[in-house]
Q: 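First the structure, then my questions, so here it is.
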Amino acid sequence: MMKNYHLYVFLIISFVFSSCAYTNSSYFEGVNRNPELSHKITNYSPLVIQNGDILAIHVKSLSPEGDAIFNSAISYSSTSGGQGGADASSGGGGSSGRSSGYKVDSKGEIQLPLIHNLKISGLTLAEAQTALEQAMTPFLKEPIVTVNLANFKISVLGDVGHTGVFNIDGDHVSIPEALTLAGDLTISGKRENILLIREINGERKYVNIDISSSKIFDSPYYYLKNNDVLYVEVGKAKYASLNQNSRIIPYTLSILSFIIVLVELNHNYKVF
């Protein structure tokens, strides 16, 4: 009977572990993987400055004394979680930081020393550089201005490796890059229905993104904007697995209890 008891336990454990099925998930289906094939990028649009953005402005001219006036930026507090940039390699929890630059106010203007109420919202970074160079020409000799977005960040949450708010170095980041920062989707994450939430020009947009298809590369939303949010929905496979396990465990315990009772009966009364 003891040998049969061990056999029963082995069969039950095998059944429990065999219930965990592998789900095949892939990305970019339909892509021609010919190594000589090239794909022209037509869906990239330059970043546009919006109200609330913090601009990192660096000035260099033939008047170095004057450069220092404009390069003395203001420091603003900010909060971020996760990795510190698009090229960061280690994650972390929520942390507070600061962004130095000039903030675009609710009127779409920035205030610089000697230059006030400069309308800059709605311009690309290149257009902002030109506008600033023109505004500084009366004060500096041949100014060269570099403008970057100091508070460019995106958020990723849901069924991914690690959720968080990620600061982005540079002026653009793609959806695959953002998901990579978050540790990729888990095996159960829904690749065909990722929700993109975007606030732009006083409106909030909700867009469904399918990264299982190669059409993602042509999507106008392939490149993310400042403050974009990606939400990865948990797939049915995870819920089904949890529900199945929740049903299996009580049955398993009941069977084990029954076997123990049989062993005790056989031990005391020699039933078998």
Side-chain angles (χ1 to χ4, degrees), residues 43-61 63-81 84-86 94-156 165-174 178 195-207 220-231:
N43 58 340
Y44 173 72
S45 58
L47 185 148
V48 175
I49 299 171
Q50 298 191 64
N51 297 356
D53 286 348
I54 300 175
L55 303 180
I57 299 174
H58 182 265
V59 182
K60 188 174 183 179
S61 71
S63 310
E65 302 84 2
D67 296 350
I69 298 176
F70 297 104
N71 290 329
S72 299
I74 302 172
S75 181
Y76 298 90
S77 62
S78 61
T79 302
S80 65
S95 61
S96 61
R98 304 189 72 84
S99 299
S100 295
Y102 295 94
K103 189 171 185 178
V104 183
D105 62 24
S106 59
K107 298 179 181 179
E109 302 174 343
I110 56 173
Q111 309 294 332
L112 286 79
L114 305 177
I115 300 175
H116 306 290
N117 304 322
L118 180 63
K119 180 70 174 181
I120 205 165
S121 178
L123 302 181
T124 65
L125 296 180
E127 292 170 341
Q129 289 174 180
T130 301
L132 285 165
E133 288 173 353
Q134 294 175 350
M136 293 178 184
T137 298
F139 311 104
L140 303 175
K141 187 176 181 180
E142 299 183 17
I144 298 176
V145 179
T146 302
V147 180
N148 291 300
L149 189 60
N151 65 333
F152 189 0
K153 63 182 183 299
I154 53 96
S155 302
V156 185
V165 179
F166 301 91
N167 296 326
I168 305 301
D169 296 329
D171 59 357
H172 68 277
V173 61
S174 67
L195 177 63
L196 167 64
I197 304 173
R198 172 172 296 175
E199 295 184 3
I200 186 169
N201 298 327
E203 295 181 348
R204 184 177 293 113
K205 293 184 177 180
Y206 303 92
V207 183
Y221 301 99
Y222 179 75
Y223 293 99
L224 299 177
K225 304 297 184 182
N226 189 22
N227 297 317
D228 276 358
V229 177
L230 289 176
Y231 169 66

Q: List in chain and number order the residues that pass salt bridge (Lys or Arg N to Asp or Glu O under 4.0 Å) with Asp53, two or more places apart in sequence or in another chain; answer none if no residue qualifies.
A: none
Q: Identify, with sequence neighbours excluded, every residue that meets side chain to side chain contact (heavy atoms under 4.5 Å, CB included) alongside Ala178.
A: Ile154, Val156, Leu224, Leu230
Q: Measuring from atom CG of Leu114 to atom CG of Leu112, what distance do you get when rounded to the nearest 0.5 angstrom?
A: 9.0 Å
Q: For Ile69, check side chain to side chain contact (heavy atoms under 4.5 Å, CB included) against everything at least two apart and list the hits.
A: Pro113
Q: How would you list, by chain and number, every residue that makes a side chain to side chain donor-acceptor pair (under 3.5 Å) with Lys103, sequence neighbours excluded?
A: none
Q: side-chain hydrogen bond (donor to acceptor under 3.5 Å, both in side chains): which pairs involve residues 134-150, sequence neighbours left out?
A: none
Q: Donor-acceptor check, side chain of Lys107 to backbone of Asn51, threshold 3.5 angstrom: yes or no?
A: no
Q: Take a 6.0 Å sphere around NZ of Lys119 and say whether it holds more than 12 heavy atoms from other residues, nucleotides or ligands.
A: yes
Q: Return the set of residues passing side chain to side chain contact (heavy atoms under 4.5 Å, CB included) with Ser155 (not counting sequence neighbours), or none when no residue passes.
A: Val165, Val229
Q: Specify the closest pair of heavy atoms between Gln50 and Ser121, including all atoms of both residues, with the distance to one decimal.
A: CA-OG, 3.9 Å
Q: Could you check if a side-chain atom of Phe70 sits within less than 4.5 angstrom of a side-chain atom of Leu140, using non-hydrogen atoms only?
A: yes
Q: Going by the rule side chain to side chain donor-acceptor pair (under 3.5 Å), which residues pair with Asn117 if we only count those two or more places apart in sequence or in a different chain?
A: Gln111
Q: Start with the C-alpha distance between Asp228 and Val173, add both sets of side-chain angles, then the distance that settles side chain to side chain contact (heavy atoms under 4.5 Å, CB included), and finish with yes or no.
A: CA-CA 11 Å; Asp228 276 358; Val173 61; over 6 Å; no
Q: Write down the atom of Asp67, the atom of Ser61, and the distance for their closest heavy-atom approach.
A: OD1-OG, 2.5 Å
Q: In the structure I gave you, are the side-chain heavy atoms of Ile110 and Ile57 within less than 4.5 Å of one another anywhere?
A: yes
Q: Compare all side-chain heavy atoms of Ile115 with those of Phe139 and state whether any distance is below 4.5 angstrom.
A: yes
Q: Any heavy-atom pair between the side chains of Tyr231 and Ile197 that's under 4.5 Å?
A: no
Q: Who are the ring pair (Phe, Tyr, Trp, His ring centres under 6.0 Å) partners of Tyr222, not counting sequence neighbours?
A: Phe217
Q: Contact between Ser63 and Met136 at the side-chain level, heavy atoms closer than 4.5 Å - yes or no?
A: no
Q: Applying side chain to side chain donor-acceptor pair (under 3.5 Å), name anything that partners Glu199, two or more places apart in sequence or on another chain.
A: Arg204
Q: As an exercise, state the distance from CG of Leu132 to CD1 of Ile144, rounded to the nearest 0.5 Å.
A: 13.5 Å
Q: About how many Å separate CG of Leu123 and CG of Leu55, when rounded to the nearest 0.5 Å?
A: 10.0 Å
Q: Taking ring pair (Phe, Tyr, Trp, His ring centres under 6.0 Å) as the definition, give me every residue that meets it alongside Tyr206, ordered by chain and number, with sequence neighbours left out.
A: none
Q: Could you check whether Asn226 and Lys153, counting side-chain N and O atoms only, form a donor-acceptor pair closer than 3.5 Å?
A: no
Q: Report the residues that fulfil side chain to side chain contact (heavy atoms under 4.5 Å, CB included) with Leu125, sequence neighbours left out, ordered by chain and then residue number.
A: Leu47, Ile49, Val147, Asp171
Q: Partners of Ser106 by side chain to side chain donor-acceptor pair (under 3.5 Å), sequence neighbours excluded?
A: none
Q: I want to check something: taking the side chain as every heavy atom from C-beta on, are Val207 and Arg198 in contact at a cut-off of under 4.5 Å?
A: no
